[in-house]
Amino acid sequence: MTVVTRFPPSPTGFMHIGNARTALFNFLYARHKNGKFLIRIEDTDRERHSDEAVQVILEGLEWLGLDFDNTPESQYANKQRHIDVANELLAVGKAYKCYCTPEELAEMRETAKAEGRPTAYDRRWRDKEGPDDQPFVIRVKAPLEGTMTIHDEVQGEVKVDYENLDDLILLRSDGTPTYMLAVVVDDHDMNVTHVIRGDDHLNNTFRQNVIYDALGWDKPSYAHLPLIHGPDGSKFSKRHGAVGVGEFKEMGYLPEAMNNYLLRLGWAHGDEEIMSMERAIELFDFDGMNKSAARFDYAKLESLNAHYMKEADNDRLIDLVIPLLKQLHALDVSGSARTRLQAGMDGLKDRSKTLIELAQESRFYVSNEITYDPKGDKHLNTDSFPILNQLKGDLESLNDFTTAQIEATCRDVSDTIAGGKLGKVMMPLRAALTGTDKSPSLFEAAEILGQNEVLARLQSAIDHINK
RNA sequence: GUCCCGUUCGUCUAGGGGUCUAGGACACCGCCCUUUCACGGCGGCAACACGGGUUCAAAUCCCGUACGGGACGCCA
C-alpha cells in the first residue's frame with residue numbers, strides 16, 4: 001500500500017516553526033516510503049481565511065524545499081461531503097440531535113469541574129426525542145464503556161477509557177461541520193495512511209477514532225511528535241523571538257540549516273549531526289524519534305548554519321547577499337563589486353554564521369566609501385601615520401599587485417619601520433581598507449580590491465589622520 | 001479539577017540488562033595556529049530527577065513520588 005501523509009495547516013497568516021517541523025517529518029516519511037505528501041488547508045473557519053495567509057504557508061514550504069504531490073486542497077470546499085456523512089450517521093442511529101445551548105454546556109462544565117468530575121458532555125439528549133423546532137447540534141454516539149487503545153508510532157501504546165470520552169459535535173447548530181468531523185472525512189477521502197502531527201493532538205486521536213468507528217472506516221496509523229519548546233522550556237511563542245519560518249529566513253538562515261536543525265530536534269540517527277535532505281530521506285523512520293519535548297536553541301542553529309554557509313556555492317551566496325546589502329546597508333552591487341565578491345567569497349563565507357553577517361562582512365568589497373568605526377579609527381593616528389605613508393609608497397611601486405607581493409611589501413615595511421611587528425602595519429592597513437579592526441586576510445583582500453583602490457583608500461586614511 | 005504524555009551534561013542527543021570509570025554535537029573554558037576577528041586543530045568542564053522493587057547484574061524492566069508538558073470549545 002502506498003504511504004500517504006499530509007500537512008494540514010490552518011491559514012493564520014504565518015507559518016509557525018513547529019508546523020514547519022511537522023511538515024518536514026510528513027515530507028520525509030512520505031519520501032522515505034516512496035509515498036505521497038499532500039497539503040490540505042484547514043480553512044473551515046472562514047473568518048480566518050485569506051489567500052495571503054495560504055500564500056505565506058506555501059512560500060514557507062517552498063523555501064524549505066518540501067514539495068508536495070497535490071494541488072493544495074481546501075477543507076472548506078468539502079463542506080457538503082462532511083454534512084452528508086454526519087447525516088448518514090444520524091440516519092443509522094449512530095449520531096443524534098442535541099438541543100443544549102452553549103450556556104447550558106458551559107454551566108455543565110463548571111459544575112463538573114467544581115465536583116471534581118470530568119468535564120465531558122453528560123449525554124442528556126442521547127436517547128431522547130427533542131423539539132424539532134429548536135436549534136440543535138449533531139453529536140456522535142461514543143461507546144459508553146470499555147477502553148480504546150491506540151498504537152502510536154512514536155508514543156507507543158496509549159489507552160483511554162471510553163468513560164472519559166464524550167459524544168463530540170459533528171455538525172454545529174448552524175449546520176456547519178466541526179474540525180473533528182472534517183479531519184476524519186478528509187483524511188479518509190484522501191486515502192491518508194499516516195497521520196503525523198504534534199502530540200498536542202494525541203487526545204484528539206481518541207475522539208477522532210470514535211468517528212472512524214461509527215463510520216466503520218479503517219483508521220490511519222498515528223505518529224504524534226513531541227512539541228518544540230522555547231529556550232526556557234515553555235511553549236514556543238513570540239516572546240522567545242522568531243517563531244515564523246519567514247522570520248528565520250529574514251535572520252539570514254539557510255533552508256538546509258533549518259531543515260537539519262529541525263530534524264535533529266527530536267529525532268536522531270546515532271551521532272550523525274550533519275545530514276543532507278537526501279540522507280534524511282534515506283534514514284528517516286519513527287524509530288529515531290524522541291518522545292519528549294525539545295527546547296529550541298539558537299546557538300546550535302547558528303552553528304549548523306555556519307557549516308552550511310561554508311559549504312554553499314559562492315554564486316548562490318552572492319545572489320542571496322545582494323538584496324541584503326541593499327536592504328541593510330543601502331548598497332547597490334555593481335558589476336565590478338560582484339567580481340570582487342566572487343573573488344573574496346571563499347574568505348568571507350568561512351567567517352559568517354548568517355547571511356546578515358555575510359552582508360556586513362562584504363561591505364568593504366562593495367562600497368569604496370569607507371567610514372571608520374571607533375575600532376578602526378583607533379588604528380589611524382600619528383603613530384600609524386608614517387607607516388601608512390611608507391606602505392602607500394611601497395605598494396604604489398609594485399608592478400605585480402599580487403597576494404605574495406603585497407605580503408612581502410607589508411613584511412618589509414614592518415621590518416624597517418615597525419620594529420618587526422607585523423600587526424603595527426596590518427591593523428592601520430586594515431582600518432584603511434575596511435574601516436574597522438576585523439576582516440578576512442588582508443593580503444588577499446588587497447589584491448582583490450586592486451592597486452588603485454588600495455592606494456586611494458590609503459590616501460583617504462592619511463587624509464583622515466591629518467584632519 | 002479530570003484525562004493523557006514525558007524526565008540522560010546548560011541545550012540537542014547516543015544508549016534498548018552486563019562492552020557505561022555513560023559517547024557525540026552546540027555552548028562554555030584553556031592551549032595551538034595567526035596580520036585582526038573568525039575558521040581550524042588539540043584538550044577540559046559537565047548528566048542517568050527521586051524512592052522503592054525485579055535481577056547475579058538496571059541509565060536500560062515494573063511501581064510510586066516529584067517536576068515539566070499537553071488536552072479538556074457549537075477553535076483548528
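It should be emphasised that the depicted structure is a prediction, and the values quoted were computed from it without experimental measurement.
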Rounded to the nearest Å, what distance is computed from the [atom1] atom of residue [X] to the [atom2] atom of nucleotide [N]?
{"X": "A:Leu202", "N": "B:C5", "atom1": "CG", "atom2": "P", "result": "7 Å"}
{"X": "A:Asp43", "N": "B:C75", "atom1": "CG", "atom2": "P", "result": "15 Å"}
{"X": "A:Asp232", "N": "B:G10", "atom1": "CG", "atom2": "P", "result": "17 Å"}
{"X": "A:Gln75", "N": "B:A76", "atom1": "CD", "atom2": "C1'", "result": "8 Å"}
{"X": "A:Leu227", "N": "B:U7", "atom1": "CG", "atom2": "C1'", "result": "16 Å"}
{"X": "A:Lys310", "N": "B:C39", "atom1": "NZ", "atom2": "C1'", "result": "6 Å"}
{"X": "A:Asn260", "N": "B:U13", "atom1": "CG", "atom2": "P", "result": "13 Å"}
{"X": "A:Ile169", "N": "B:G73", "atom1": "CD1", "atom2": "P", "result": "10 Å"}

Determine the contact category for [X]: base if any of its heavy atoms lies under 4.0 Å from a base atom, sugar-phosphate if only primed atoms, P, OP1 or OP2 are that close, otherwise nothing.
{"X": "A:Gly198", "value": "nothing"}
{"X": "A:Ser303", "value": "sugar-phosphate"}
{"X": "A:Lys235", "value": "sugar-phosphate"}
{"X": "A:Val137", "value": "base"}
{"X": "A:Lys159", "value": "sugar-phosphate"}
{"X": "A:Lys421", "value": "nothing"}
{"X": "A:Glu273", "value": "base"}
{"X": "A:Pro8", "value": "nothing"}
{"X": "A:Asp437", "value": "base"}
{"X": "A:Tyr261", "value": "nothing"}
{"X": "A:Cys410", "value": "nothing"}

Taking [X] first and then [Y], would you say they form a salt bridge - that is, a charged N and a carboxylate O separated by under 4.0 Å?
{"X": "A:Asp187", "Y": "A:Arg40", "value": "yes"}
{"X": "A:Glu104", "Y": "A:Arg124", "value": "yes"}
{"X": "A:Glu272", "Y": "A:Arg279", "value": "yes"}
{"X": "A:Lys378", "Y": "A:Asp437", "value": "no"}

Looking only at side-chain atoms of [X], point me to the closest of [options].
{"X": "A:Asp271", "options": "B:U13, B:G24, B:U35", "answer": "B:G24"}
{"X": "A:Arg264", "options": "B:C5, B:C72, B:G24", "answer": "B:G24"}
{"X": "A:Leu105", "options": "B:U36, B:C74, B:C5", "answer": "B:C74"}
{"X": "A:Arg430", "options": "B:U36, B:C26, B:C3", "answer": "B:U36"}
{"X": "A:Asn164", "options": "B:U35, B:C3, B:U13", "answer": "B:C3"}
{"X": "A:His201", "options": "B:G40, B:C4, B:A76", "answer": "B:A76"}
{"X": "A:Leu265", "options": "B:C37, B:G1, B:C12", "answer": "B:C12"}
{"X": "A:Pro118", "options": "B:C74, B:U13, B:U2", "answer": "B:U2"}
{"X": "A:Asn203", "options": "B:C3, B:C74, B:A27", "answer": "B:C3"}
{"X": "A:Leu422", "options": "B:G6, B:U35, B:A71", "answer": "B:U35"}

* To do: Could you pick out which residue, A:Leu442 or A:Leu301, lies toward the 5' side of RNA chain B when each is mapped onto its nearest nucleotide?
  => A:Leu301

Does a side-chain N or O from [X] land closer than 4.0 Å to OP1 or OP2 of [N], or not?
{"X": "A:Arg295", "N": "B:G10", "value": "no"}
{"X": "A:Arg109", "N": "B:C72", "value": "no"}
{"X": "A:Lys113", "N": "B:C72", "value": "no"}
{"X": "A:Asn290", "N": "B:U8", "value": "no"}
{"X": "A:Arg207", "N": "B:G73", "value": "no"}

* State whether a side-chain donor-acceptor pair under 3.5 Å links A:Thr436 with A:Arg363. => no

* Distance-only polar pair, side chains of A:Arg430 and A:Ser439, donor-acceptor under 3.5 Å -> yes

Please state the [atom1] separation for the pair [N] and [M] - nearest whole angstrom.
{"N": "B:C63", "M": "B:G23", "atom1": "P", "answer": "30 Å"}
{"N": "B:G10", "M": "B:U54", "atom1": "P", "answer": "32 Å"}
{"N": "B:G52", "M": "B:G69", "atom1": "P", "answer": "27 Å"}
{"N": "B:A46", "M": "B:C28", "atom1": "C1'", "answer": "10 Å"}
{"N": "B:G15", "M": "B:A22", "atom1": "C1'", "answer": "8 Å"}
{"N": "B:C4", "M": "B:U8", "atom1": "P", "answer": "22 Å"}
{"N": "B:G6", "M": "B:C62", "atom1": "P", "answer": "11 Å"}
{"N": "B:G68", "M": "B:A76", "atom1": "P", "answer": "31 Å"}

Is there a donor and acceptor pair, one atom on the side chain of [X] and one on the base of [N], closer than 3.5 Å?
{"X": "A:Ser441", "N": "B:U35", "result": "yes"}
{"X": "A:Lys300", "N": "B:A27", "result": "no"}
{"X": "A:Ser173", "N": "B:C74", "result": "yes"}
{"X": "A:Asp199", "N": "B:G70", "result": "no"}

* Asked: Angle class for the A:Phe25/A:Phe284 ring planes (parallel below 30°, perpendicular above 60°, tilted otherwise)?
  -> parallel

* May I ask you to check whether A:Tyr96 and A:Trp125 place their ring centers less than 6.0 Å from one another? => no

* Cation-pi check, A:Lys238 to A:Phe14: give yes when NZ or CZ is under 6.0 Å from the six-membered ring centre and within 45° of the ring axis, no otherwise. =>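 The answer is yes; both the distance and angle limits are met.
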
